A.B. asks: 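Take a look at the following structure, please.
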Amino acid sequence: MMTTHTDVLPTEGGLGNTPLLAVDNLHVEFSTRQGVVKAVNGVSYDLYQGETLAVLGESGSGKSVTAQAIMGILDMPPARIPHGEIRFRGTDMLKLTDEARSQIRGQRIAMIFQDALSALNPVFTVGWQIGEMFRVHRGMSKRDAQKKAIELMDRVRIPAAKQRVHDYPHQFSGGMRQRIMIAMSIALDPEVLIADEPTTALDVTVQAQIMELLAELQRESNMGLILITHDLGVVADVADKIAVMYGGRIVEKALVHDVYRTPAHPYSKGLLDSIPRVDLKGQELYAIKGLPPNLLAMPPGCAFNPRCPYRQDNCVSEAPPLYEISHTRSSACHYWREVLDGSHE
Amino acid sequence: MGRYVIRRLLQAIPVLLGATFLIFAVVFALPGDPIGALAGDKRMDPAFAAVLREQYHLNDPLLLQYWHYISGVFQGDFGTTFSKVPVSELMAGKFQVTINLALTALVLEAVIGIGLGLWAALRQGKATDTAILAVTLLLISVPVLVTGFVLQLLLGVQLKKSTGIDFFPVAGAFDGWRSYLLPGFVLAGVSIAYLTRLTRTSLVETLRADYIRTAIAKGMPRRRVIGRHALRNALIPLITYLGADLGALMGGAIITETIFNLNGIGQQLYQSVYLREQPVVVGIVTILVLVYIVANLIVDLLYAVLDPRIRYE
């Protein structure tokens with residue numbers, strides 16, 4: 001997949017141990033009339049080739065803002081990135097010129113958005129919108145680009161692609177529209193694909209099909225996939241590792257099966273406990289108490305402390321660092337041991 | 001599509017009948033005697049006046065008069081003035097002038113209004129944006145009477161005096177399309193201001209749309225994001241405004257036509273109301289209503305071309 005691109009950006013060391021994409025201590029803030037909103041506060045994660053990272057969190061946790069920072073599609077201003085690096089194959093993209101950055105965007109790092117109806121332009125045919133990638137970035141003729149668009153639509157399994165290439169987005173169902181979005185994003189064989197809640201706007205059976213498609217495309221092209229979601233159910237089958245975000249920070253990083261078995265942060269545990277389970281049918285569903293934090297007035301200490309059943313005095317006075325539990329696992333909780341033990345019960 | 005057009009045109013018939021009847025009734029209700037006015041200050045021979053009244057059906061009740069008139073119109077006969085000039089002939093010349101004026105105004109409106117609006121939107125919040133908004137506010141606030149005379153004096157008279165070149169002829173329609181430039185601009189003034197603001201709002205809003213974010217994420221150059229992805233969507237509401245405005249420009253040209261001495265329907269309408277020449281007044285209004293209807297139909301059809309989500313059956 002990285003045949004023609006690898007020489008454009010220098011890579012540090014072997015490909016095996018350099019992450020494809022590394023977000024390092026990223027801070028993003030927005031200046032608003034009410035004050036500075038710190039949407040992302042020191043987020044770090046790595047993505048290796050062929051790997052799927054799930055970024056989990058509720059609205060306002062900073063997961064989408066982080067993704068937009070990676071893509072370079074934040075409106076700056078009002079957004080600002082005061083600290084941090086986003087390294088793509090070892091090169092900090094935040095230090096690149098706009099010109100160099102736009103060579104990566106869409107071609108080497110691509111993105112899928114949540115609501116495909118509003119994310120696709122209503123006045124152009126889907127063929128035009130997919131083909132645009134080839135016409136603009138590869139200088140192809142209209143006819144060739146159209147052919148490529150049909151191939152891609154076939155690849156994401158849109159029936160009768162040859163006829164439907166002339167249709168407009170509103171003429172497709174939700175699931176088909178998301179497939180078109182996917183076709184567009186993988187058009188130029190990106191090395192990293194960021195899917196921002198790709199199935200949230202879809203009904204459950206279609207969700208599964210889209211996730212399957214994404215997983216399959218990822219296996220075929222060996223790209224790195226960042227899957228942003230608030231739905232734990234979506235993650236389990238597809239992701240390799242998981243980063244749970246809360247209040248603009250990562251609160252737990254782990255291999256996906258470890259989190260499911262034994263969460264090491266009260267918030268991840270709360271999320272898992274609030275999934276409906278067949279064996280607990282009839283019992284009241286668990287819900288995390290309270291509301292997500294107000295980014296303008298974050299609670300002192302650990303951002304989760306007002307909602308946390310494990311809270312002690314030092315949770316209010318002292319923000320927990322990301323404790324390393326093992327080399328694949330860390331938790332931003334002073335009492336991760338207790339949480340882990342509690343999960344074993 | 002064809003059926004839609006036919007249905008729309010059929011719908012126009014009751015609108016036309018209603019509009020013509022209303023105008024007919026209003027002119028009928030005007031006080032004063034049109035036949036008496038023909039003789040000016042002198043007294044007309046009562047016998048002759050009676051003959052004329054009979055000839056123009058002036059003694060008939062309103063509905064019968066209207067029937068005489070409208071059945072003529074459907075046969076292509078708009079009647080004659082009291083001085084025996086066929087109304088259709090009279091209108092043809094006047095409409096030519098007004099159509100030229102209105103189309104000049106419409107082109108100026110579209111080019112300047114959309115141009116300024118786009119410029120303001122792309123410099124949102126900067127000095128250019130503020131300046132453009134201030135100018136539009138000025139255009140909206142100052143009445144046509146003032147802009148008309150001021151521009152006539154500055155760009156017509158003074159500019160010609162100081163340079164010796166007649167850039168903008170100030171009166172009459174004797175210099176081809178150039179005669180219409182200045183009056184067209186004056187007529188379009190307020191519309192330019194509104195269209196500028198509408199364009200600005202439309203583009204600013206479109207640029208916030210999700211599909212614009214998608215286009216940026218696809219790595220499309222900024223020029224293409226704005227010029228193709230945003231503009232095509234932002235133009236849709238502007239077309240409606242322009243289409244509806246064509247009728248308003250044609251019907252609203254009375255003051256401009258008077259300032260620049262353009263002998264169009266505005267002046268004619270004023271004169272005919274004054275003389276109570278019912279067939280002329282109603283004839284002009286009928287044509288204006290038709291222009292509105294056709295312009296609106298064209299706008300609706302254009303809508304379907306610009307926005308594929310709209311389909312007519």
Side-chain angles (χ1 to χ4, degrees), chain A residues 64 67-68 70-75 77-78 98-126 128-138 166-171 177 180-181 184-188 190 193-194 196 201, chain B residues 1 114 118 121-130 199 202-242 299-313:
Chain A
S64 290
Q68 285 170 20
I70 296 172
M71 285 301 290
I73 57 173
L74 283 171
D75 275 331
D98 286 349
E99 174 59 31
R101 195 87 197 265
S102 66
Q103 289 302 310
I104 298 173
R105 186 162 45 227
Q107 304 186 50
R108 305 182 62 187
I109 304 181
M111 188 158 176
I112 300 168
F113 296 97
Q114 175 179 337
D115 180 2
L117 180 59
S118 60
L120 291 168
N121 198 321
V123 302
F124 297 110
T125 63
V126 297
W128 188 93
Q129 294 186 57
I130 300 171
E132 187 181 30
M133 297 300 282
F134 298 102
R135 294 196 308 276
V136 174
H137 292 307
R138 295 287 180 266
H166 303 292
D167 283 351
Y168 292 90
H170 72 276
Q171 291 166 301
R177 271 197 291 268
I180 285 161
M181 198 69 225
M184 205 157 75
S185 65
I186 59 163
L188 303 178
L193 180 62
I194 304 173
D196 189 356
Chain B
M1 178 78 161
I114 295 180
L118 296 182
L122 296 178
R123 295 277 180 285
Q124 201 189 337
K126 308 243 169 69
T128 319
D129 184 24
T130 317
T199 307
S202 181
L203 184 63
V204 165
E205 226 161 75
T206 309
L207 286 174
R208 272 196 223 116
D210 283 355
Y211 52 79
I212 296 303
R213 191 187 55 188
T214 308
I216 297 169
K218 281 164 85 179
M220 293 301 143
R222 183 179 144 84
R223 175 182 286 274
R224 188 177 173 86
V225 171
I226 294 165
R228 295 303 288 277
H229 289 264
L231 202 56
R232 183 64 199 282
N233 284 280
L235 276 178
I236 296 171
L238 309 183
I239 297 292
T240 332
Y241 181 79
L242 275 173
V299 165
D300 285 346
L301 296 179
L302 260 181
Y303 239 27
V305 174
L306 285 175
D307 189 342
R309 284 167 297 185
I310 296 171
R311 280 279 167 271
Y312 299 118
E313 340 260 276

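Protein chains get the first letters and strands the later ones, always in sequence-line order, with residue 1 at the start of each. No experiment lies behind these values; they were computed from the predicted model shown.
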A.B. asks: Under 3.5 Å, side chain of A:Asp196 to main-chain N/O of A:Ser64, donor-acceptor pair present?
C.D. replies: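 Checking the backbone N and O of A:Ser64 against the side chain of A:Asp196, no donor-acceptor pair under 3.5 Å is found.
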A.B. asks: Measure A:Ala119 against the heavy atoms of chain B and call it side chain, backbone, both or neither at under 4.5 Å.
C.D. replies: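 For A:Ala119, the contact with chain B is made by backbone and side chain together.
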A.B. asks: My understanding is that only one of B:Arg222, B:Arg224, B:Arg223 makes a side chain to side chain contact (heavy atoms under 4.5 Å, CB included) with B:Met220; could you say which?
C.D. replies: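 Testing B:Met220 for a side chain to side chain contact (heavy atoms under 4.5 Å, CB included) against B:Arg222, B:Arg224, B:Arg223 leaves exactly one candidate, B:Arg224.
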A.B. asks: Given a strict heavy-atom distance threshold of 4.5 Å, which part of A:Glu132 is in contact with chain B: side chain, backbone, both, or neither?
C.D. replies: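 For A:Glu132, backbone and side chain are both near chain B.
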A.B. asks: Would you say B:Thr214's side chain and A:Leu120's backbone share a donor-acceptor pair under 3.5 angstrom?
C.D. replies: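 No: the side chain of B:Thr214 does not pair with the backbone of A:Leu120.
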A.B. asks: Hey, does B:Leu235 have a side-chain heavy atom less than 4.5 Å from the side chain of B:Ile114?
C.D. replies: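 A side-chain contact exists here, since the closest heavy-atom pair is under 4.5 Å.
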A.B. asks: Under 4.5 Å, counting heavy-atom pairs only, tell me which of A:Arg105, A:Met184, A:Gln103 racks up the most with chain B.
C.D. replies: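 Between A:Arg105, A:Met184, A:Gln103, the count favours A:Arg105.
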A.B. asks: Taking every non-hydrogen pair under 4.5 Å, which of B:Pro221, B:Pro308, B:Ala209, B:Gly219 racks up the most with chain A?
C.D. replies: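 Most pairs with chain A among the choices: B:Pro308.
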A.B. asks: For A:Val123, which atoms come within 4.5 Å of any heavy atom of chain B: side chain, backbone, both, or neither?
C.D. replies: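 Both parts, backbone and side chain.
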A.B. asks: Select, from A:Met133, A:Arg101, A:Gln114, A:Met111, the one with the greatest count of heavy-atom pairs under 4.5 Å involving chain B.
C.D. replies: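 Sorted descending by pairs with chain B, the first entry is A:Met133.
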A.B. asks: Backbone N or O of A:Phe124 within a donor-acceptor pair of the A:Gln129 side chain at under 3.5 Å?
C.D. replies: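 Yes, the answer is positive, given that a donor and an acceptor are paired below the 3.5 Å cut-off.
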A.B. asks: Looking only at atom types and distance, does a side-chain atom of B:Asp129 sit under 3.5 Å from a main-chain N or O of B:Gly125, one as donor and one as acceptor?
C.D. replies: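 Yes.
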A.B. asks: Sort B:Leu306 into side chain, backbone, both or neither according to what part of it lies under 4.5 angstrom from a heavy atom of chain A.
C.D. replies: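 For B:Leu306, the backbone is the part near chain A, not the side chain.
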